[in-house]
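Read through the structure below, which is laid out as structure tokens, and then see the notes.
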2 protein chains.
Amino acid sequence: MRSQKREFTIGALSKYSSVNIETIRYYEKIKIMPSPPRSEGGYRLYNDSHGRRLSFIRRSRELGFSLEEIRGLLTLVDDKSYTCAQVENITVNHLNTTRRKIADLQKLEVVLDGMVSKCHGGHVPDCPVIDALSL
Amino acid sequence: MRSQKREFTIGALSKYSSVNIETIRYYEKIKIMPSPPRSEGGYRLYNDSHGRRLSFIRRSRELGFSLEEIRGLLTLVDDKSYTCAQVENITVNHLNTTRRKIADLQKLEVVLDGMVSKCHGGHVPDCPVIDALSL
DNA sequence: CTTGAGTCTGTAGTTCCTACAGGGTTTATC
DNA sequence: GATAAACCCTGTAGGAACTACAGACTCAAG
């Protein structure tokens, strides 16, 4: 189960992380992903830690965080010289928006689930979906 | 508490819904928001239901749904002539991604919460945030 | 009836990707 | 070891979802 030191190319990384090759290169350009070592011929060579970092970015994006928010969290991973006050500032903020998102999604879940149930019951239901997240 | 038939301009709608004026006009252009009636002089005049719809869109965007996904859900609100099969198709899909997002956010919540606690304890914690959402 | 805040249309810029084009590299096959 | 298929390289141009003007018009307050 321990992680081998195997390397893989950008295509493999793309498949593993479900991030497009072009997007991976874009992330390197804007320095949210590090520049990996290269092969003789100039191919990028990645390892497992690149894969984990990239998956984290992808899923965070799907959860509606901006690249700048993600970059903020990742500095905590990259730079070990932070004070507690700085860590807290970034983390508490992220935690608050995370909790707000969970609450919103749960409201949405209730409404959608209700619609599916009514459909199973044979009625075409009204769609009160807007009311779940308005205001 | 019953809703008055009051009208308001785009600026008021923007404040109420926390959506930029330009974005509201953009949403009208791409037909995800309806064209509202106009005043004599050509000003857009909105009512409460525009406000609710717009808030729904904003919050859905913050939760990482694309405008096309949101448009899909909104057709259920706009068009009352759907069959149950069609409603179910759209709704079940949205419900699944909603649940996946909740699960991911909860994992993130645990990790962030752990970091805040450790910080309160006086230690600058490691940041295992990537592990929460990798793979 | 003027003044200033608000709105109009239209266009150009930003962020975050996505899709080529034209060329070099790796690897599997003969 | 030649050669093709599959892969990767850089660079640029396009798309989605905004955002920020510019220049002109409207409206409400004094």
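In what follows, chains carry the letters A, B, and so on, assigned in the order in which the sequence lines appear, proteins first and then strands, with residues in each chain numbered from 1.
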For side-chain contact (heavy atoms from CB on, under 4.5 Å), just list the numbers for B:L63 and A:L105, CA-CA rounded to whole Å, side-chain angles, deciding distance to a tenth of an Å, and then say yes or no. CA-CA 8 Å; B:L63 298 171; A:L105 284 166; 3.9 Å; yes
Trace of the side-chain contact (heavy atoms from CB on, under 4.5 Å) decision for A:V129 with B:V77: CA-CA 8 Å; A:V129 99; B:V77 178; 4.1 Å; yes
Stepwise, does the side-chain contact (heavy atoms from CB on, under 4.5 Å) test hold for B:F56 with A:L108? CA-CA 10 Å; B:F56 173 78; A:L108 196 56; 4.3 Å; yes
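Here the closest heavy-atom approach between residue A:K107 and residue A:A132 is recorded as CD-O, 3.5 Å. Here the closest heavy-atom approach between residue A:I57 and residue A:M33 is recorded as CD1-SD, 3.8 Å.
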Summary of protein contacts for nucleotides 17-30 of chain D, nucleotide by nucleotide, where a base hit scores B, a sugar-phosphate-only hit scores S (4.0 Å, heavy atoms): BBBBB----BS---
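Taking atom CZ of residue A:R38 and atom C1' of nucleotide D:dC7, one finds them 14 Å apart after rounding to whole Å. Atom OH in A:Y46 sits roughly 10 Å away from atom P in D:dC8 (whole-Å rounding).
If you find the closest nucleotide of DNA chain C to B:R44 and to B:K15, the one lying nearer the 5' end belongs to B:K15.
In this structure, A:F65 and A:H94 have parallel ring planes: the angle between them is below the 30° cut-off, well short of the 60° mark.
Taking every nucleotide of DNA chain C with any atom under 4.0 Å from a non-hydrogen atom of chain B, the first and last of them, 5' to 3', are C:dG6 to C:dT9.
The residue A:R58 sits apart from the nucleic acid: no heavy atom pair falls under 4.0 Å.
Ion pairing between a basic and an acidic side chain is recognised when a charged N comes within 4.0 Å of a carboxylate O; A:R99 and B:E109 show such pairing. A salt bridge is defined here as a Lys NZ or Arg NE, NH1 or NH2 lying under 4.0 Å from an Asp or Glu carboxylate O, and B:E62 with A:R100 fails to meet this definition. Under the 4.0 Å criterion applied to side-chain N and carboxylate O atoms, B:E68 and B:R71 are assigned as salt-bridge partners.
Taking CD1 of B:I90 as the reference point, atom OG1 of B:T75 lies at 4.5 Å (rounded to 0.5 Å).
At least one side-chain nitrogen or oxygen of A:T9 sits closer than 4.0 Å to the OP1 or OP2 atom of D:dC8.
An end-to-end axis angle of 10° holds for the helix from C:dC1-D:dG30 to C:dC30-D:dG1, taken from five base pairs per end and rounded to 10°.
Follow the hydrophobic side-chain contacts under 4.5 Å out from A:V124 and you reach B:L73 in the same cluster.
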